[in-house]
Amino acid sequence: MTIHSDPYAESRETTEGRVYSVTGGDWDSLATEIGATKEERVVVNMGPQHPSTHGVLRIILELEGETVTEVRCGIGYLHTGIEKNTEYRSWTQGVTFVTRMDYLAPIFNETAYCLAVEKLLGITDDVPERASVIRVLMMELNRISSHMVALGTGALELGALSPMIFAFRDRELVLDLFEQICGLRMNMAYIRPGGVAQDIPAGAIGKIRETVDQLRINFKDNEKLLVGNTIWMKRTQNIGYLDLAGCTTLGITGPVLRSTGLPWDLRKTQPYCGYENYDFDVITTDSADVYGRFLIRMQELEQSLRIVEQACDKLEKLEGQPVMVADKKIAWPSQLSVGADGMGNSLAHIREIMGESMESLIHHFKLVTEGFRVPAGQVYVAVESPRGETGVHLVSDGGTRPYRVHFREPSFNNLQSTSAMCEGSMIADVIGAIASIDPVMGGVDR
Amino acid sequence: MSEDKGSFGVHGTGDTSGYSGLVRAQVTPGSSERPFGGYFDEVADDLERAFPAFSEAIEKIVVDRGELTLFVKRSHLVETALALRNTETLRFEMCMGVNGVHYPEDAGRELHAVYALLSLTHNRRIRIEVAVPDSDPHLPSLVEVWGGINWHERESYDMFGIIFDGHPGLTRILMPDDWQGHPQRKDYPLGGIPIEYKGATIPAPSERRSYQ
Amino acid sequence: MGLEEKLPSGIVLTSVEKLAGYMRKSSLWPATFGLACCAIEMMAAGAGRYDLARFGMEVFRASPRQADLMIVAGRVSNKMAPVLRQIYDQMAAPKWVIAMGACASSGGMFNNYAIVQGVDHIVPVDIYLPGCPPRPEMLMDAILKLHENIGDAKLGVNRERIIRETEAAALAAKPTLEIKGLLA
Ligand code: SF4
């Protein structure tokens with residue numbers, strides 16, 4: 001046979017029989033040759049660069065015909081060394097790094113990290129209420145924008161293009177709010193140890209309220225498209241099944257856990273940032289499949305909007321209050337704000353440090369170059385991110401830089417369930433199952 | 001835990017601050033005394049009742065910043081974990097993962113593995129910490145107890161070189177398979193390259209002069 | 001490449017250059033190479049509001065064999081580097097590369113053991129796009145600049161001459177460190 005010299009499909013003999021390595025290209029010749037042998041076992045490598053693997057995820061599938069007999073994930077293609085890099089920066093600078101881990105949920109990474117630093121410093125109760133409310137507001141807006149990507153790309157990967165167009169349209173509305181509040185669309189580094197970087201600008205509340213109303217209307221589009229859609233249901237119902245026992249064994253949290261019917265949501269069970277003062281429901285379904293997770297995400301959008309509205313009410317009442325701890329050893333000498341060009345320090349800040357107060361200048365210099373010291377010890381803080389429990393394990397040795405920062409990323413952990421969800425199913429369903437976990441590779445690999 | 005010398009981390013002539021004489025010793029919180037407060041006493045009591053080798057297995061109990069840490073000897077790790085998971089009054093059915101920390105100064109106990117546990121039933125969190133020497137970085141694997149710890153153990157192996165005996169497939173997970181060394185240990189350099197500007201270079205972040 | 005490379009220098013070649021350039025630039029097909037945060041902005045650029053379709057570019061090809069533009073959107077780790085190079089090699093010439101974002105251009109804020117300090121270590125880059133992440137508008141601007149570039153691309157002998165000239169210029173250029181800039 002001449003096929004052996006096929007540049008795209010080398011073959012070699014191994015102890016397990018003949019193995020073909022196909023790199024793409026001439027599948028016809030390979031199919032003919034494989035058809036001639038009795039072996040049916042095919043190992044297919046998907047990714048790390050594949051349109052439907054949610055980024056640079058690599059999936060290694062062992063197939064028998066169309067049925068998947070074994071799935072393994074290959075990860076690490078986006079390993080960035082963020083945890084190590086943070087050890088060479090001050091505690092405040094760490095925010096800028098951690099926000100880039102799970103890049104669809106930057107505010108959650110920041111909040112978890114800052115809550116951990118505050119716990120280490122022992123100032124959890126000193127964080128002003130207005131700062132906590134702003135954090136909640138930002139987190140819920142972020143949850144919406146993250147779920148939008150999850151829904152949009154999830155649908156896209158199953159072949160539905162329109163939901164993605166609608167989802168990104170709605171996401172842009174939320175990103176506009178982010179931009180107005182902190183100057184950036186993504187990776188904002190807005191939450192800082194002790195509070196937030198700057199107060200929300202004048203007029204933002206009104207804009208948020210408008211956007212909330214608009215989003216309520218817009219969400220209907222995707223609902224109409226997908227909920228109850230026969231094709232969508234066929235592709236998602238009873239797919240990617242994982243029950244409660246499986247979830248606890250594998251440490252799964254977030255929508256996947258809630259799709260088994262357990263209302264476990266850290267915002268309710270272990271509240272932080274004052275979540276106990278908001279009125280919202282924890283959404284569950286009991287189908288434990290892809291469709292259930294999809295429904296949960298759809299309905300969580302509405303719950304997030306409710307929280308955003310309540311946060312707006314609170315902010316109106318707390319107008320004018322500080323958004324940073326009073327401790328001058330941690331907070332900068334005066335508040336920053338976004339200039340007309342969307343960046344830079346406020347004039348008040350510059351006037352204060354450059355013109356009025358020598359102490360402020362010294363403080364500012366020390367805080368920016370050296371940073372503050374954090375007493376030695378370790379903490380673990382968890383928040384409920386759109387994907388589940390984002391936990392931060394933070395170790396301090398008493399210095400001005402973290403000794404060890406570790407993120408327990410829900411995407412990393414939840415991705416382990418791919419094998420449990422997919423083995424024995426059809427190959428086409430693997431995509432749906434993975435999309436329902438909604439892994440973000442930046443979070444998985446860090 | 002460690003010592004800070006001077007205002008800058010650089011030794012020798014790098015320090016221009018004039019404070020090189022300053023030596024600050026850093027200590028981690030030591031063992032705690034009862035009562036621990038909160039549900040921690042209950043957890044400790046229940047574990048003691050359910051687990052006969054308690055006094056042998058637990059090196060110390062630290063309560064710090066509202067969190068309970070059990071320092072467990074590695075020889076008793078699996079039994080402790082099983083007791084924590086199975087005892088009805090404890091029921092830590094979820095392990096949120098394991099994470100390595102490298103303390104090069106802590107002679108004989110350089111590598112720590114830190115497990116975060118969560119009980120859905122009782123809504124509680126505790127932490128287990130195991131210390132192993134760098135020369136013999138072996139720990140029993142807990143994959144049989146909490147399946148979800150599989151990848152976390154692989155990550156700790158990849159980043160710190162902690163070897164989990166009995167793990168079903170302890171291979172690198174984040175770094176390429178042929179990578180040398182374990183990058184997140186303290187003795188592994190951050191890496192990076194000097195940055196060139198017009199007329200100047202700045203050394204890689206780990207070699208810059210900076211406060212510590 | 002093809003027949004056009006064999007044409008003698010002169011009026012025919014310049015007209016062919018113009019025609020080929022026009023065709024190439026108007027149907028640039030990007031390969032999806034989303035890696036990290038920047039990829040999300042790249043997706044946003046393809047979606048409704050920014051609508052890359054206006055420039056005939058909405059077809060993000062999943063197969064490198066059908067694409068002629070690689071937008072490296074995000075940080076490239078050492079583990080990803082060989083994959084990236086392989087995908088670049090699989091693309092059919094002529095092909096172009098945009099390094100989107102600080103990470104792809106220079107390693108960005110991640111100057112460490114894991115990240116390749118700029119994709120230009122692995123593949124030739126035509127456009128460096130700064131930002132972390134660059135806004136979709138910036139990506140579009142980069143793409144339009146690249147379109148201009150492609151439209152003016154030379155062929156055949158002209159191309160060879162330009163290649164020789166740029167290489168000579170690059171060899172003669174001072175390293176960054178020796179350029180004094182404002183310090184002079
Ligand atoms: S340049 Fe910034 S936004 Fe882009 S991949 Fe790098 S960190 Fe993410």
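Throughout, protein chains are lettered first and strands after them, A, B, ... in sequence-line order, and every chain is numbered starting at 1.
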Just how far is it from atom [atom1] of [X] to atom [atom2] of [Y], taken to the nearest 0.5 Å?
X      : Y      : atom1 : atom2 : result
B/L190 : A/E87  : CG    : CD    : 8.5 Å
B/N150 : A/N413 : CG    : CG    : 10.0 Å
A/H406 : B/E155 : NE2   : CD    : 5.0 Å
A/L394 : B/R65  : CG    : CZ    : 10.0 Å
A/Y380 : B/T69  : OH    : OG1   : 13.0 Å
B/N99  : A/Q378 : CG    : CD    : 9.0 Å

(message) Just so I know, are the side chains of A/W264 and B/N123 near enough to count as touching, which here means a heavy-atom distance under 4.5 Å?
(response)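 Sidechains of B/N123 and A/W264: in contact.
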Using non-hydrogen atoms and a 4.5 Å limit, figure out which bit of [X] sits close to chain B: side chain, backbone, both or neither.
X      : answer
A/T253 : side chain
A/L244 : neither
A/P410 : neither
A/E389 : side chain

(message) For chain A, which candidate among B/R85, B/E93, B/M96 shows the most heavy-atom pairs at distances under 4.5 Å?
(response)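 Between B/R85, B/E93, B/M96, the count favours B/M96.
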(message) Quick check for you: among B/G191, B/C95, B/G100, which has the greatest number of heavy-atom pairs under 4.5 Å with chain A?
(response)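 Of B/G191, B/C95, B/G100, B/G100 has the most heavy-atom pairs under 4.5 Å with chain A.
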Chain A contact via [X] - side chain, backbone, both or neither, heavy atoms under 4.5 Å:
X      : result
B/V145 : neither
B/R154 : neither
B/H152 : both
B/V143 : neither

(message) Can you confirm whether more than 12 heavy atoms, excluding those of A/E276, are under 6.0 Å from its CD atom?
(response)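 Check passes, neighbour count above 12.
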(request) Check the angle between the aromatic planes of A/Y403 and B/Y103 and answer parallel, tilted or perpendicular using the 30° and 60° thresholds. (result)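 Ring orientation of A/Y403 relative to B/Y103: parallel.
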Kindly say whether [Y] contributes a backbone atom to a donor-acceptor pair with the side chain of [X] at under 3.5 angstrom?
X      : Y      : result
A/R404 : B/V101 : no
B/E67  : A/V379 : no
B/R125 : A/V381 : no

(message) Counting heavy-atom pairs closer than 4.5 Å to chain B, which one of A/E83, A/K84, A/H79 comes out on top?
(response)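 It is A/K84.
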(message) Quick check on the interface: out of A/T124, A/N414, A/L78, A/L415, who has the most heavy-atom pairs with chain B under 4.5 Å?
(response)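 Most heavy-atom pairs within the cutoff with chain B belong to A/L415.
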Where do [X] and [Y] come nearest, in terms of heavy atoms and distance?
X      : Y      : result
B/M94  : A/L257 : CE-CD2, 4.0 Å
B/W151 : A/F412 : CE3-O, 3.4 Å
B/L118 : A/Q270 : CD1-NE2, 3.8 Å

